[in-house]
Amino acid sequence: MTQQLAAYSTSTGEAVQFWILGTIAVIGALGTVLCKKAVHSALCLAGTMIILAVFYLANGAYFLGIVQIVVYTGAIMMLFLFVVMLVGVTAGDSLKETIKGQRWVAVLCGLGFGILLVGGIGNASLSEFNGLGAANANGNVEGVAALIFTKYVLAFELTGVLLITAAIGAMVLTHRERTERARTQRELAEQRIREGKHIPPLPAPGVYARHNAVDIAGLLPDGTPSELTVSKTLRERGQIRDVSTEALNDLRALEQRAEERLERTAIEPATFKRAEEASK
């Protein structure tokens, strides 16, 4: 009787943990959807996944909690974040829908997921369960494996098929058939020479600029920025940082110090000669 009451009751610590972390998880989920910047959305989703892992660990599902952190938060979400950072998605990018009706499909999928969630919660509240002791009798890993490969094997296989289909679809959508043969490095060099363009390799970004970032134009010897050192894509997006003013100021200061030193070296020999004549 005591075990049954413990299974159906919630302690004060569990309630406090649920309401605090649950509120943060909901805020992170809303931030994932409402944030305008893709990087902020990815960070909010990563925080929500970490809180879900804490819930798993608090409920005795240690294997699922570790997998949630290592696989989803540590690998998949960080991969998304790095891709977003490398691609450079900003709030100024076009948000025009390329597939018509995708918002309505998303709304229908959200409603369907909500119905499944309500049904699952209702089933859990009305039916009896054995508790964590019986579920993890032979270990949490073995208990999860038994459920995946026996009772929920069909759902597991369908999820795998869905993920594989999504991966193949992404590769098909991003693949472009080449209509002509790729030119070799020698052919590209000969073309540059014939067209009279910049024959040597392009200079690296950040040269003489005290920075080596790709969004900082390299500086010429006179301190002016060189457009050859930055990507055309970054230039069209307006994401290039201009450090030429700072460099020109440093160059003027250097020239002024050089002039002062030259004036000192020109004055010092005459002073020494006068001192020698006075001593004689």
Side-chain angles (χ1 to χ4, degrees), residues 13-14 17-89 102 105-106 109-121 123-124 129-175:
E14 291 176 346
Q17 175 191 358
F18 173 78
W19 287 110
I20 293 177
L21 296 181
T23 304
I24 298 174
V26 172
I27 293 174
L30 293 176
T32 303
V33 180
L34 300 178
C35 284
K36 295 183 179 180
K37 293 186 177 181
V39 176
H40 296 168
S41 297
L43 291 175
C44 291
L45 184 56
T48 304
M49 287 186 173
I50 292 175
I51 293 176
L52 291 178
V54 174
F55 282 145
Y56 287 142
L57 295 174
N59 289 304
Y62 305 112
F63 177 75
L64 290 178
I66 298 300
V67 169
Q68 180 76 20
I69 295 176
V70 175
V71 177
Y72 288 96
T73 307
I76 298 178
M77 278 310 305
M78 292 302 105
L79 177 63
F80 289 165
L81 185 59
F82 290 152
V83 169
V84 168
M85 293 171 64
L86 291 175
V87 171
V89 180
Q102 60 180 353
V105 174
C109 292
L111 291 175
F113 179 76
I115 293 172
L116 290 176
L117 184 62
V118 171
I121 294 174
N123 185 23
F129 49 89
N130 297 326
L132 294 176
N136 296 333
N138 298 323
N140 184 244
V141 178
E142 185 175 348
V144 172
L147 290 175
I148 289 177
F149 295 106
T150 56
K151 185 178 181 180
Y152 300 105
V153 62
L154 181 60
F156 184 74
E157 294 296 333
L158 289 177
T159 304
V161 171
L162 179 62
L163 293 175
I164 294 174
T165 305
I168 295 175
M171 289 188 293
V172 171
L173 291 175
T174 55
H175 178 70

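The model shown is predicted, which means the values in this text are computed figures rather than measured ones. The figures here come from the full heavy-atom set of this structure, side chains too, leaving out hydrogens, waters and symmetry mates.
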Locate the shortest heavy-atom distance separating [X] from [Y]; write the atom from each residue and the value.
X	Y	result
G31	S41	O-OG, 4.0 Å
F156	F149	CE2-CE2, 4.3 Å
A53	I69	CB-CG1, 3.3 Å

Please say whether more than 12 non-hydrogen atoms of neighbouring residues, nucleotides or ligands are located less than 6.0 Å from CZ in F55.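 Result for CZ/F55: enclosed.
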
Distance check, rounded to the nearest 0.5 Å: [X] atom [atom1] versus [Y] atom [atom2]?
X	Y	atom1	atom2	result
I50	L45	CD1	CG	10.0 Å
I51	T23	CD1	OG1	9.5 Å
L158	T165	CG	OG1	10.0 Å
I164	T159	CD1	OG1	11.0 Å

Are the side chains of L57 and Q68 in touch, meaning some heavy atoms are under 4.5 Å apart?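 SC-SC contact between L57 and Q68 ruled out.
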
